[in-house]
Amino acid sequence: MSQIDIQELFNKSRLPDGWRLLPVILYTPLGLLLVLLRLLVTLQLWLFASLLPDCDSTRGFLNYGISFAFGIVVKVDNESEFRDKQSRIAVANNVSVLDHFALRRVTKTLTPSTWELPTALSNALGLQKMDMSSKEALIANIKQFLSTSTYSIAVQPEFGTTNSQVALLKFNSWPFSIETSVQPVAIKASRPEFVPVLLTSLASTWWTEVLWFMFVPYTVFTLKYLKIRRNPDHETLVREVEKDIADALGLETSSFTVSDKTEYEKRYLMERILNRTRSSRSSLNSHSIEIQRMVRQVSEVLPFVPHNVILLDLLKTRNVDVTIANILDGIVTYTPEPNAPTQSAVPSASRSQPNSAKDKTLDSLVTSSFQKRKAKMIKDARERLSLYESYKDGTL
């Protein structure tokens, strides 16, 4: 067992990079139509399974319908051993969320599940509802099922998918304690080269995996039966079967378990969240710097306008020229900012109070003076704006 980095076992993206993404983009309209059509077919199959009686003909019809709905083609490798009915347990590697259907089509096995589905549909999918609350309860359920049914059971002791390019996840040993003999099955899956969409990606949900099955034209599963392995010591048996399947697929075995994969997925998702947060903060900082630069530009033309007034309007317009025009046209109201503090023209309360006539006269003079100053500032601002626009246009 060689040293393997866990990140080598998984694809972070199911889509290719560079020019190889172009065929996927061109295929997308057809792919989306296929998804809609196949979703409609899946709904019809669900209705048929709920309404029709559970019998072999119903299961056969549903089986072929599901093949179309998910675009699955299943075949047996030419160099495969024969399916030995003496072994009621088939052990396979895990390549996708729909392996159980491929195994059902060829090996006539069912995979333990907790899903509540119509019996006919569950059987056609290759699933068998069982109590999976604990390892002991599941083992007891499987043994009881084997004693009362003609179907065999398929287990995938990796309990998690990999990219099927480097190594398998370490097999769990408890499925090998059910019986002393098992038949290994090596599963490969491929998709057409003109739509190079990978089967799995890290931290992907089961329903997105199913939708990608519906998106691509088809997915080919190739199953290869291996020789039956017998050993009363299930700890030894699991390692023998693990090695047989890895060799058949041209892969290595690893010490990483499905728990290691779960932890790696958590770290990967956390890194993605942190990267997005950093990117958002960087974008926010850049945005803040740009707004402050625009505020300074407006202030150069209109120095008597308070900065907070300019900032509020710029947040709406995102344009220096529009904000300046809004201020000069009176759309934006404000109180001019004085260049320097001025002395009050009105005597303080400690002095003798003037009569009301003098107060009114003084207020009128102050107001008139303020209006003249404001008109002069607006005139100066318009002249600065004219110079600013000439500078921008390069005519100055």
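Everything numeric here is computed off the predicted structure, so don't read it as measured data. We number each residue from 1, following the sequence as shown. Just so it is clear, the values below take in all heavy atoms, side chains as well, and ignore hydrogens, waters and symmetry mates.
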Query raised in the report: Going by an N to O cut-off under 4.0 Å, is there a salt bridge joining K129 and E116?
Result: yes
Requested in this report: For the pair K243 and E240, find out whether any cationic side-chain nitrogen is under 4.0 Å from an anionic carboxylate oxygen.
Outcome: no
Is there a side-chain contact between [X] and [Y], using heavy atoms and a 4.5 Å cut-off?
X: L9; Y: F256; value: yes
X: V91; Y: F176; value: yes
X: I89; Y: E179; value: yes
X: W212; Y: L15; value: yes
X: I66; Y: L121; value: yes
X: T58; Y: F48; value: no
X: V166; Y: L251; value: no
X: T222; Y: V76; value: no

Requested in this report: State yes or no: are the ring centers of W115 and W206 separated by less than 6.0 Å?
Outcome: yes
Report task. For residues Y225 and F82, establish whether the separation of their ring centroids is below 6.0 Å. Result -> no
Given the rule that I, L, V, M, F, W and Y join up when any side-chain heavy atoms are under 4.5 Å apart, are [X] and [Y] in one cluster?
X: L39; Y: W207; answer: yes
X: V106; Y: V97; answer: yes
X: W46; Y: L37; answer: yes
X: L169; Y: I245; answer: no
X: I331; Y: I324; answer: no

For [X] and [Y], indicate whether the former's side chain and the latter's backbone hold a donor-acceptor pair under 3.5 Å.
X: N319; Y: D321; result: yes
X: R38; Y: M214; result: yes
X: T107; Y: L103; result: yes
X: R191; Y: V216; result: no
X: R20; Y: P196; result: no
X: N94; Y: S96; result: yes
X: K261; Y: T161; result: yes
X: T323; Y: V320; result: no
X: S299; Y: V295; result: yes
X: S113; Y: L127; result: no

For the atom pair [atom1] ([X]) and [atom2] ([Y]), what is the distance rounded to the nearest 0.5 Å?
X: I310; Y: L302; atom1: CD1; atom2: CG; answer: 6.5 Å
X: K85; Y: Q183; atom1: NZ; atom2: CD; answer: 10.5 Å
X: L40; Y: L45; atom1: CG; atom2: CG; answer: 11.0 Å
X: K143; Y: R88; atom1: NZ; atom2: CZ; answer: 13.5 Å
X: S13; Y: L202; atom1: OG; atom2: CG; answer: 11.0 Å
X: E158; Y: N172; atom1: CD; atom2: CG; answer: 11.0 Å

Does [X] [atom1] have over 12 foreign heavy atoms under 6.0 Å away?
X: N308; atom1: CG; value: yes
X: D5; atom1: CG; value: yes
X: Y64; atom1: OH; value: no
X: E8; atom1: CD; value: yes

Whether [X] and [Y] hold their rings parallel, tilted or perpendicular, with breakpoints at 30° and 60°:
X: F194; Y: Y27; answer: perpendicular
X: F159; Y: W174; answer: parallel
X: F213; Y: F221; answer: parallel

Under 3.5 Å side-chain donor-acceptor pair for [X] and [Y]:
X: D313; Y: N326; answer: yes
X: R104; Y: N63; answer: no
X: D99; Y: Q156; answer: yes
X: S122; Y: T119; answer: no
X: S201; Y: N11; answer: no
X: D233; Y: T236; answer: yes
X: R14; Y: T200; answer: no

What are the two closest non-hydrogen atoms of [X] and [Y], and how far apart are they?
X: D260; Y: S255; answer: OD2-O, 3.9 Å
X: L199; Y: V95; answer: CD2-O, 3.9 Å
X: D244; Y: R229; answer: OD2-NE, 2.6 Å
X: K12; Y: Q7; answer: NZ-OE1, 4.2 Å
X: S152; Y: S87; answer: OG-O, 4.2 Å
X: I142; Y: I153; answer: CG2-CG1, 4.0 Å

Report task. Would you sort out whether S259 and T262 count as a side chain to side chain donor-acceptor pair (under 3.5 Å), showing the intermediate values? Result -> CA-CA 5 Å; S259 298; T262 302; 5.8 Å; no
Report task. Using side-chain hydrogen bond (donor to acceptor under 3.5 Å, both in side chains) as the criterion, point out the one residue from E235, R239, E242 that pairs with S173. Result -> E235
